[in-house]
Amino acid sequence: MDKYNPKFIEPKWQKLWEEKPDLYAADNDSQEEKRFILDMFPYPSGEGLHTGHVESYTATDIVSRYFRMKGKNVLHPQGWDAFGLPAENYAIKTKIHPEKTTKTAIHNFKRQMNMMGFAYDWSRELNSSDPEYYKWTQWFFLLLYKNGLAYKKKAKVNWCDSCKTVLANEQVEDGKCERCKNPVRQKDLEQWFFKITDFIENKLFASRTRATNAGHTNEKSGKTYTSGLLSGLDKIDWPESTKMLQRNWIGRSEGATVKFKIVSAEPSPVRSTGHTLPITGEEEYLEVFTTRLDTIYGCNYAVVAPEHKIIDDYKSQITNYDEVRKYLESVKGKSDLDRMEAKIKTGVEIKGLKVINPFTNEELPLYAADYVLSQYGTGAVMAVPAHDERDWEFAKKYNLPINQTIEPCFITINGLDKVREDQPFVERDSITAIVKHWKEESYIVLKWKQVDWKTFITGGPENDQSFEEAARSEVLEETGYKNLKLIRELPRYHSQFYHIPKKLNRFAHMRVFYFKLENDEHQDISDIDKERHEVVWVSENDIEKMLTPEAHKYVWKVLKDGEKVFTSDGVLIDSDEYSGLTSEEAREKMAEWLEKNNLGARKVNYKLRDWLVSRQRYWGAPIPIIYCEKCGTVPVPEEDLPVKLPTDVDFLPTGESPLKYSKSFQNVKCPVCGGKATRESDTMDTFVCSSWYYFRYADPKNEKEFADKELIKKWLPVDLYVGGAEHSVLHLLYARFFTKVLHNLGYIDFDEPFLKLRHQGIILSEDGRKMSKSLGNVVNPDDEVKKWGADSLRIFEMFMGPLEDAKPWNTKGIVGVYRFLEKVYKLAKAVRIEANGSKSGINKKLDSLVHKTIKKVTEDIEAMRFNTAISQLMIFTNELDKEKEIPITNYQLLITLLSPFAPHLSEELWNSLGNKDSVFKEKWPEYDPELVKDEEIELVLQVNGKVRDRIKADADLSEEEAKKIVLASEKVRAHISGKEIKKVIFVKGRLVNIVI
RNA sequence: GGUUCAGUGGUGGAAUUGGUAUACACGCGACACUUAAAAUGUCGUGCCUAAAAGGCAUGUGGGUUCGAGUCCCACCUGAACCACCA
């Protein structure tokens with residue numbers, strides 16, 4: 001055998017490995033430290049593995065093999081997310097039962113995985129469509145049901161006409177079905193939900209009896225809790241982008257509810273029911289939710305969602321009820337997509353009703369409009385057209401008044417970014433600017449005056465007259481303006497307001513005075529650069545830079561378009577006693593006032609809604625619920641699980657679950673009274689199956705529990721989880737929810753399932769587009785393995801670039817990897833068997849490279865930087881190739897380091913060297929930190945930062961010696977001749993830089 | 001529209017986190033072996049310049065620094081996700 005022949009080597013070792021389970025099996029009894037390394041279990045489609053699967057599975061395979069060689073007890077299982085719509089749709093088309101197609105697909109997937117040499121512990125294989133598995137999915141449903149976390153409710157839900165089923169909010173993209181891209185309709189249906197919203201914030205521990213030491217203890221209250229879906233994100237090692245997506249999806253927003261008194265335009269209100277108003281105090285109010293309480297003085301009307309109950313409740317008082325009704329009808333038929341796409345806001349005034357702003361006591365008109373969502377907040381909003389874009393659009397269309405109550409602050413303090421930590425003050429202690437007022441035809445002079453540091457931190461005198469006078473006289477000096485009227489002075493502590501970088505906050509101690517400039521005087525401003533932006537800065541040329549980016553854009557818009565909404569925080573104006581406060585301060589004070597007067601309260605709202613889990617489809621786990629004529633909703637007793645999927649069904653979707661038409665399935669006896677009853681015919685969303693599967697790997701055959709408590713303790717949580725970023729909200733959020741439920745009920749003592757998460761980037765086709773069958777640009781792993789072998793494909797996919805990046809496939813690239821493996825193979829010929837073990841020290845340079853390579857490969861695997869690990873192995877191989885004779889220790893080391901990447905070749909070479917045991921039984925090598933260091937380095941000689949010469953030198957050369965060397969260099973001398981040396985910078989082991 | 005990330009040779013990508021820019025690989029070119037091709041091997045390969053010396057180069061323009069691909073500001077381009085959530 002002198003030619004590298006993966007076709008022969010690879011199947012040979014795959015067969016031999018199969019016979020040695022200790023190479024890949026997880027040991028329940030081992031005392032070694034555990035590592036649970038997990039791939040997202042795939043949906044076994046008929047297409048087989050694609051390049052993306054190969055990429056992420058190779059990554060986890062490398063890490064698993066590495067940790068095993070490190071002596072860790074590794075759990076690296078694989079399974080099948082087998083339920084789901086594609087299999088069912090395929091069954092509808094071909095009339096072949098999904099169980100059968102799934103089985104075939106799994107068989108093919110498994111073949112391909114073995115072909116790739118993935119070392120999975122197949123003894124723990126699981127399949128979510130197996131009754132032994134979904135028995136426990138049903139058990140989880142009952143667990144949630146019994147703890148009040150699963151409920152059935154009639155609600156507006158997303159309905160896909162093409163899939164003929166309801167969808168979770170998470171499965172609707174752009175108003176379309178995630179799967180078939182059909183527009184989603186809103187439908188009123190009774191459906192099952194999981195109370196995922198209960199776990200957004202930290203939750204008090206539900207079960208004290210079961211818990212041993214589970215749960216976190218709050219230091220202040222001493223209470224034990226489960227960390228919420230939000231706060232839990234802070235403690236796990238996940239990509240920041242993924243955490244962001246989850247936070248955005250949960251969409252927490254802090255605000256307040258405000259009660260607007262409802263008054264009737266007509267004096268004798270009679271309700272539809274015949275009662276006179278008011279019945280109770282409660283009903284007199286329209287409750288709205290807002291995050292911008294500070295803008296309430298600018299509220300000019302209120303809007304309710306078309307579905308809001310106020311319309312029914314006050315039917316008789318609405319004088320234009322017919323018109324309102326007509327509008328509601330026109331909106332009803334619209335899908336979410338239509339509503340979103342409609343660029344122009346529509347609505348109708350509800351005449352006969354008015355609401356009263358509790359702050360101003362103004363009577364305001366009420367509207368119904370579909371830009372207000374009934375499901376969010378209270379389904380009603382206070383409209384502030386001056387400071388909210390939607391309200392502004394609406395007000396423009398219906399010609400409603402617009403009152404500005406927030407004043408933008410335009411200025412940031414110039415030069416702050418140049419201030420260093422050791423300089424306590426800004427260079428300039430006073431800045432003057434003139435701004436054209438955004439609304440009026442007048443100019444405002446702004447004067448910044450620095451408050452000294454001590455006064456600033458102690459608070460200092462609030463209304464320091466002399467300070468104002470000083471400011472005034474400075475303005476006079478600089479501009480000659482006399483008629484300055486002080487409009488307001490900004491409060492002092494508003495660094496956030498100036499948009500100053502956080503680290504510079506402590507420099508933001510300036511007081512700002514607003515002076516209004518009388519009109520006659522502003523005529524004299526001679527240097528107005530009207531062409532440019534009609535904003536003139538007087539005291540500095542570069543003062544324009546003081547504008548915050550946001551304000552800069554804003555000023556532009558105002559001046560160009562005449563008017564524009566200002567939606568950011570600012571300072572309040574025309575708001576009674578709140579005027580002059582910043583938005584943040586005002587929100588705080590106004591909320592206090594509301595609570596004191598019982599007219600509202602602080603409130604937190606979320607975008608996340610409860611998870612809709614029922615589906616009107618066949619290929620899923622049946623919901624274990626029975627409806628009895630007498631007893632009502634009855635959960636299936638645990639001992640009767642699993643509720644098996646019937647086989648006597650027609651798959652054709654009708655809009656009702658196919659299970660409804662199975663007589664054998666539908667008709668049952670009530671488990672409580674034995675009377676006539678029917679089964680729930682809906683199945684569960686497949687994401688329910690995948691929300692708990694990782695627990696099952698700990699104990700996949702258990703018939704009494706979803707997994708043994710001790711085994712869960714042994715193996716979980718998952719140490720490393722790798723999968724696509726497309727699951728960032730769906731699967732990953734649901735799985736966290738399930739884990740938190742188990743924790744809260746005392747089943748487990750951790751509340752986050754996946755400690756470390758990484759995504760693999762998509763592999764694009766060679767043309768940079770997504771691989772797809774219709775484009776005909778799909779790379780099939782089977783073909784590549786046939787051409788190059790699995791080892792080449794594995795390494796190539798890892799070598800292409802960082803794991804998480806999107807990378808285009810390059811057909812020609814794989815040959816380089818093949819050549820590399822071939823070179824490693826051929827090196828065997830040059831191996832010298834030493835008489836007396838390793839004889840290091842002969843070739844110091846090579847020894848150093850050996851240890852550098854161990855270090856680099858080890859660190860890169862741990863950090864999952866496989867591309868650079870492989871590059872280092874290539875450098876090492878190239879270096880060995882230059883030697884006439886290769887010491888066997890060096891060669892064995894190369895094979896050991898290569899083995900996680902190219903298991904087949906490594907095993908073959910290891911065996912050919914006369915080793916009887918597997919290379920994977922070998923201990924992962926350690927490096928000697930002393931040998932990693934270079935004894936001799938190339939000292940870089942720079943003049944003014946430019947490289948002029950390189951000289952070989954001792955690694956721990958002293959500064960004195962280095963200086964001598966520099967000055968001895970002719971090239972350096974040529975550049976410094978005749979000039980004075982100002983400074984010499986010395987970086988040990990690297991460079992000397994001469995500054996002239 | 002918003003948020004986030006990115007932009008380095010002909011290509012995929014490196015760069016010890018502020019210290020020799022372009023490691024490793026593909027591709028390309030020359031040469032060797034061969035009747036020839038493939039395979040393999042050797043050498044070369046950012047741009048300007050015949051070459052050396054030198055200069056210019058990390059999307060563009062500024063800034064900080066002895067020194068910037070890396071830090072700061074603005075702009076341009078691209079990608080991903082979210083999008084009436086008050």
Side-chain angles (χ1 to χ4, degrees), chain A residues 173-175 239-242 244-245 248-249 251-253 255 288-293 295 303 336 339-343 345 369-373 375-384 387-391 393-394 416-418 420 501 545 549 552 567 605-609 725-726 728-729 761-762 766 796 799-802 804-817 819-820 822 826 856 859 865 867-875 877-878 937-947 949-950 971 974 982-996:
Chain A
E173 291 173 350
D174 272 341
E240 257 333 294
S241 57
T242 307
M244 276 284 271
L245 280 176
N248 287 346
W249 188 259
R252 181 194 155 99
S253 53
V288 305
F289 174 73
T290 179
T291 54
R292 291 298 304 276
L293 190 55
T295 64
V303 193
D336 258 11
R339 278 199 187 191
M340 279 192 279
E341 274 178 355
K343 288 274 146 64
K345 305 237 174 310
D370 70 346
Y371 79 89
V372 175
L373 306 174
Q375 314 94 304
Y376 186 77
T378 59
V381 303
M382 61 175 221
V384 185
H387 304 295
D388 182 282
E389 268 183 64
R390 295 153 298 181
D391 297 338
E393 271 176 52
F394 192 79
L416 270 182
D417 51 347
K418 289 172 196 157
R420 290 212 308 268
K545 286 181 188 164
H552 206 184
T567 55
N605 260 324
Y606 304 93
K607 284 203 256 180
L608 184 72
R609 320 236 170 98
E726 68 274 14
S728 292
V729 271
I762 15 164
E766 207 157 6
F796 176 57
F799 188 56
M800 278 162 60
E804 63 279 9
D805 285 10
K807 306 159 279 258
W809 183 268
N810 181 349
T811 312
K812 282 173 182 161
I814 195 166
V815 74
V817 170
R819 283 181 200 148
F820 159 62
E822 199 175 29
K826 283 183 181 167
K856 178 95 178 127
E859 289 174 355
R865 292 185 300 246
N867 54 334
T868 48
I870 293 164
S871 133
Q872 183 65 32
L873 288 170
M874 285 172 170
I875 293 170
T877 304
N878 290 344
I937 50 125
E938 208 169 54
L939 189 71
V940 173
L941 311 183
Q942 294 182 330
V943 178
N944 281 347
K946 285 199 169 138
V947 180
D949 203 359
R950 282 152 219 210
K971 284 180 185 169
K982 283 188 193 141
K983 209 158 128 192
V984 179
I985 310 269
F986 175 69
V987 182
K988 199 167 181 190
R990 275 193 213 292
L991 57 79
V992 184
N993 185 14
I994 296 182
V995 188
I996 50 172

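Residue numbers begin at 1 in each chain, while the letters A, B, ... track the order of the sequences.
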Earlier contact from the 5' end, RNA chain B, for A:Ile994 and A:Ala380
A:Ile994

Would you tell me if any nitrogen or oxygen in the side chain of A:Ser253 comes within less than 4.0 Å of OP1 or OP2 on B:A86?
yes

Below 3.5 Å between N/O atoms, which protein atoms pair up with nucleotides 8-13 of chain B? Just atom names and distances, please.
{"residue": "B:G12", "atom": "O2'", "partner": "A:Met800", "partner atom": "O", "Å": "2.7"}

Paired and unpaired positions of RNA chain B as dot-bracket, Watson-Crick or G-U wobble under 3.5 Å, | denoting a partner strand:
(((((((..(((......[....)))((((((.......))))))(((.....)))..(((((..]....))))))))))))....

If the P atom of B:U3 is compared with that of B:C73, how far apart are they to the nearest Å?
15 Å

In whole angstrom, what separates A:Ile814's CD1 from B:G27's C1'?
16 Å

Of all the heavy-atom pairs spanning A:Met382 and A:Thr295, show the shortest one and how long it is.
CE-OG1, 3.7 Å

Where the side chain of A:Thr868 is concerned, which of B:A15, B:A83, B:U20 is the nearest nucleotide?
B:A15

With a cut-off of less than 4.0 Å, is there a side-chain N or O of A:Tyr376 near OP1 or OP2 of B:A86?
yes

Let's see if you can work this out: which of B:G19, B:C84, B:A25 has an atom nearest to the side-chain heavy atoms of A:Met874?
B:A25

Quick one: is B:A39 close enough that its OP1 or OP2 comes under 4.0 Å of any side-chain N or O from A:Arg819?
no

Are A:Lys812 and B:G27 close enough that a side-chain N or O sits under 4.0 Å from OP1 or OP2?
no

If you measure from CG on A:Leu939 to CZ on A:Arg990, what distance do you get to the nearest 0.5 Å?
11.0 Å

Quick one: CG on A:Asp805 to CD1 on A:Ile762, what's the gap to the nearest 0.5 Å?
11.0 Å

Can you tell me which nucleotide in B:U3, B:A86, B:G19 comes closest to the side chain of A:Met244?
B:U3

Determine the Euclidean distance between corresponding P atoms of B:U45 and B:A51; express it in Å to zero decimal places.
12 Å

Once rounded to the nearest 0.5 Å, what's the spacing between atom OG1 of A:Thr877 and atom CD of A:Glu822?
13.0 Å

For B:U17, does the O4'-C1'-N9-C4 or O4'-C1'-N1-C2 angle fall within 90° of 0, making it syn, or is it anti?
syn

With C1' as the reference atom in both, quote the distance from B:U49 to B:A57 in angstrom, rounded to an integer.
15 Å

Please name the pair of heavy atoms, one in A:Gly377 and one in A:Phe289, separated by the smallest distance, quoted to 0.1 Å.
CA-CB, 4.3 Å

B:G59 to B:C84 separation - C1' atoms, rounded to the nearest Å
35 Å

Answer whether the closest heavy-atom distance between the side chains of A:Phe796 and A:Phe820 falls below 4.5 Å.
no

Could you work out, with ring pair (Phe, Tyr, Trp, His ring centres under 6.0 Å) as the rule, every residue matching A:Phe394, not counting sequence neighbours?
A:Tyr301, A:Tyr367, A:Tyr371, A:Tyr398

In terms of side-chain heavy atoms of A:Leu991, which of B:C24, B:G19, B:A86 is nearest?
B:G19

Rounded interatomic separation in angstrom, taking NZ from A:Lys607 and P from B:A86
7 Å

Specify the closest pair of heavy atoms between A:Ile985 and A:Val995, including all atoms of both residues, with the distance to one decimal.
CG1-CG2, 4.4 Å

Starting from P on B:A15, measure out to CD1 on A:Ile875 and report it in whole angstrom.
11 Å

Using the C1' atom on both, measure B:G46 against B:A83 and round to a whole Å.
43 Å

Roughly how many Å is it from CG in A:Leu873 to C1' in B:C24, rounded to a whole number?
11 Å

Nearest heavy atom decides the nucleotide; on that basis, is A:Arg252 or A:Arg950 closer to the 5' end of RNA chain B?
A:Arg950

How long is the span from the OG1 atom in A:Thr378 to the CG atom in A:Asn605, to the nearest 0.5 Å?
8.0 Å

Interatomic spacing from CG in A:Asn867 to NZ in A:Lys807 - rounded to 0.5 Å
8.5 Å

Spell out yes or no: do the side chain of A:Arg990 and the base of B:U16 have one donor N/O and one acceptor N/O closer than 3.5 Å?
yes

Under 4.0 Å from OP1 or OP2 of B:A14: is there any side-chain N or O of A:Arg865 that close?
no

Relative to its sugar, using the 90° cut-off around 0, the base of B:G54 is anti

Out of B:G27, B:C24, B:C82, minimum distance to the side chain of A:Asn878 belongs to B:C24

Rounded interatomic separation in angstrom, taking NZ from A:Lys946 and C1' from B:G19
16 Å

Would you give the length of the straight line joining atom CZ of A:Arg292 to atom NE2 of A:His387, rounded to the nearest 0.5 angstrom?
7.5 Å

